[in-house]
Amino acid sequence: MKPEEIGILIVDDEASVRDSLYQWFKADGYRVDTAEDAAGALKKLQENPWDIILLDIKMPGMDGIELQNRIKQIDKNIVTIIITAYASVDTAIQALKDGAFDYVTKPIDPDDLSRLIRNAIEKRRLVTENIQLRQQIEELLLPDEVVGESPAMKRVMEMVNTVAKTDSTVMILGESGTGKELIARAIHSRSSRRYFPIITINCGAYPEGLLESELFGHEKGAFTGALYRRKGKLEMADKGTLFLDEIGNISEKMQMDLLRVIETKNFTRLGGDKAVDVDFRVISATNKDLEKAIKEGSFREDLYYRLNVFSILLPPLRERRTDIPLIAKYFLSKYAQSMNKNVVGFAPQAMEMFIGYDWPGNIREVRNVVERAIVVAQGPQIQVEDISFPFPSLATPSGGASLEEVEKDQILKILNQTKGNIAQAAEILKISRLTIYNKIEKYHLKKDDLNKQYL
Amino acid sequence: MSYIYVVPIELEDHSDLGMLEAFIFDTFHLKTRRREFEINLEGVFDPSRGQYNSSLILQQLIMKPPPDADKMLGVLDVDLFIPILTFVFGEAQLKGIGAVVSTQRLQNQFYGLPENREVTSERLLKEAVHELGHTFGLVHCSQSKCVMNSSTYAENIDQKSAELCPLCQKSIKAERNGSVKKGFPFSWWGEK
């Protein structure tokens, strides 16, 4: 941190102390201001952000201990240092208990003062850095990989590689669960912005006013509950990528504001008047038909063209069924490991069921179905009966589509459930025992085969 | 023509002042003049601390500056303080006209060590340039060898050189060029 980036506020009722400390810190190049009492200090706290506050313990009106408590309520990360003319163990202990960084008696040795301030700045820097790193880690943790070798996915990845090198806006289109965020992250991680954060904002998740403050940040007092200044996601995305998910869900006012920010690359925080410059790349995603929304007048055409310099269409899973086994196996190994279960593969019929299903929830649905199957699986392989689809009507029988195949599969499945007990199976299937024997004969089903296949 | 005034205030030994003036001229490229002014030290003495309030001395020093004074440097050999600190080597107005410096804590005898005149003179040169640097708008420099590096104890002064680093020299040049156009700011504690 450069000295001019650090704000030090001095609160003391003695003018000579204020002046001499002011001069001392000014000579070090810090941004410095003074207040003669608690009320003045609280006012300065509203006007500007402060990193370090030195406060006198004995002041007319509100004393230093109480002022410190108020400061900590406003921003618990501000470093406070208590100064006093008379050293008293009681007040020192109280001040430190209440979160003071240090406690000094006047007059202070110049060497102690400069060391104290160095340490205070170091503490402030570590706290700030810690907050930033936590945010970055959250953003950087790649939840999943892009999996798929179908020609359709290969085309998508080629487009990702092409557009990653540029700074153009990208719009990712695709049904829910097709992995739009994953593609946005893939673009970011292959771009020159990869060392800076990718900030995701789900536009559909916020009511209008909140989305604004989430994006632009706000100054203290911008609205009820805005107790202190907060950086918005636009500022966090500086030098990185801003990923706007469900862009089709934002209000008309937000569309206008967003268009202006994307065009000018600067904005003001809510309740603020200072323009903040930002440099980010925008990737947006939607599962809505925005062109239809434009025709209906609910989405601005100019914003659409701004966001959609390059578009990537993610095909639904049912249009690239060859990727299903890869994706299913990817999730199997991922979840089996995290759940510590020894499940290593899919029984052939189970995999056939997977490939045959239409997956309206796309990859997200595969993930959920696999996760659930691992939970219920008994052996090392996922079996047909471990699988439960949220939309079973879309499931095609594993063996094939003809009536005979459906019949064969259903009889097999029930026989498997009853562990080969024909009487029970007949009851479930609501046919006679004789019919079952006939069918077993017809389809050459043998108990030994059953076991081999299914158990 | 404007000058840097070197003002001995309470100073028994003037033998270093000649060298000091030459060095100031070399550093800031401004001619120096030596002159004494009436300064009341009784009123600025704090008997409980046994020290002199440097801020009040500085106030008196710059009260009526000669018209051709660009900067004024007061030199003393008494112990100086500002209220919040136990002592100061000197004090200056940031981007102002006045500065004071004391030899009291620059001498080895103060710390119970044998006298070393050479060390004292060198420390005086450095502290005088340092305080004058503040009047030219320079703040403390992070370069350990630059004379504008902050020193809080005597041996600390020995570790830095008497020279301004290139960056600080550049800042002075910019400040000088700016001040010709804007007129020199004359305010107590700079921007306050």
Side-chain angles (χ1 to χ4, degrees), chain A residues 1-36 40 44 48 54-58 81-87 104-119 121-122 125, chain B residues 44 46 48-51 53-59 79-96 98-100 105 127 130-143 146 148-157 167-168 171 187-192:
Chain A
M1 277 168 112
K2 289 182 194 152
E4 63 265 28
E5 291 170 5
I6 296 158
I8 302 180
L9 181 66
I10 302 150
V11 192
D12 200 308
D13 56 330
E14 266 181 79
S16 64
V17 169
R18 287 200 303 274
D19 285 345
S20 50
L21 279 177
Y22 181 89
Q23 179 214 20
W24 179 265
F25 293 129
K26 207 72 194 164
D28 278 327
Y30 302 120
R31 180 169 59 82
V32 201
D33 206 346
T34 61
E36 61 179 328
K44 300 267 173 176
N48 277 303
L54 287 113
L55 41 134
D56 189 12
I57 211 158
K58 273 199 179 141
I81 297 169
I82 302 279
I83 38 180
T84 177
Y86 312 98
V104 287
T105 44
K106 346 184 219 199
I108 314 163
D109 184 90
D111 200 38
D112 288 347
L113 182 60
S114 58
R115 197 171 38 234
L116 180 66
I117 294 299
R118 262 203 314 276
N119 292 344
I121 290 168
E122 184 60 13
R125 192 186 64 77
Chain B
V44 303
D46 185 330
S48 66
R49 298 179 60 142
Q51 290 174 308
N53 186 321
S54 75
S55 307
L56 301 179
I57 298 174
L58 196 49
Q59 260 175 7
D79 201 12
L80 301 179
F81 78 97
I82 58 174
I84 190 64
L85 295 180
T86 47
F87 74 92
V88 289
F89 293 128
E91 185 179 343
Q93 292 173 280
L94 193 65
K95 277 194 209 178
V100 290
R105 287 181 189 249
E127 280 313 284
H130 181 98
E131 296 304 338
L132 280 171
H134 284 317
T135 65
F136 284 96
L138 294 181
V139 294
H140 288 153
C141 177
S142 58
Q143 298 288 322
C146 177
M148 291 314 291
N149 191 267
S150 164
S151 308
T152 46
Y153 54 98
E155 291 85 346
N156 218 196
I157 305 172
L167 221 63
C168 286
S171 305
S187 59
W188 189 241
W189 302 144
E191 289 123 61
K192 210 180 172 192

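All chains are named by letter (A, B, ...) in the order of the sequence lines, taking the proteins before the strands, and each is independently numbered beginning at 1. As a basis for the values below, the full set of heavy atoms in this structure was taken, side chains included, without hydrogen atoms, waters or symmetry mates.
- Contact annotation for A:Leu113: only side-chain heavy atoms (C-beta onward) come within less than 4.5 Å of a heavy atom of chain B.
- Contact tally against chain A (heavy-atom pairs below 4.5 Å) for B:Leu85, B:Leu138, B:Val88: the top residue is B:Leu85.
- Chain B forms more heavy-atom pairs under 4.5 Å with one residue of A:Leu21, A:Val17, A:Asp28, A:Asp12 than with any other, namely A:Asp28.
- Under the ring pair (Phe, Tyr, Trp, His ring centres under 6.0 Å) criterion, B:Phe87 pairs with B:Phe89, not counting sequence neighbours.
- Within a 6.0 Å radius of NZ in A:Lys44, more than 12 heavy atoms belonging to other residues, nucleotides or ligands are found.
- A:Gln23 places a side-chain N or O within donor-acceptor distance of the main-chain N or O of B:Ala92, the cut-off being under 3.5 Å.
- Of all the heavy atoms in B:Leu94 and A:Lys26, the pair that sits closest is CD2-CG, 3.5 Å.
- With values rounded to the nearest 0.5 angstrom, A:Trp24 atom CH2 is found 11.5 Å from B:Ile84 atom CD1.
- Taken from CG in B:Asn53 to OG in A:Ser16, the straight-line distance is 7.5 Å, to the nearest 0.5 Å.
- Closest approach of B:Pro83 to A:Pro107, counting heavy atoms only: O-CB, 3.8 Å.
- Closest approach of A:Pro110 and B:Thr152 over heavy atoms only: O-CG2, 3.5 Å.
- With a 4.5 Å cut-off on non-hydrogen atoms, A:Ser114 touches chain B through its side chain but not through its backbone.
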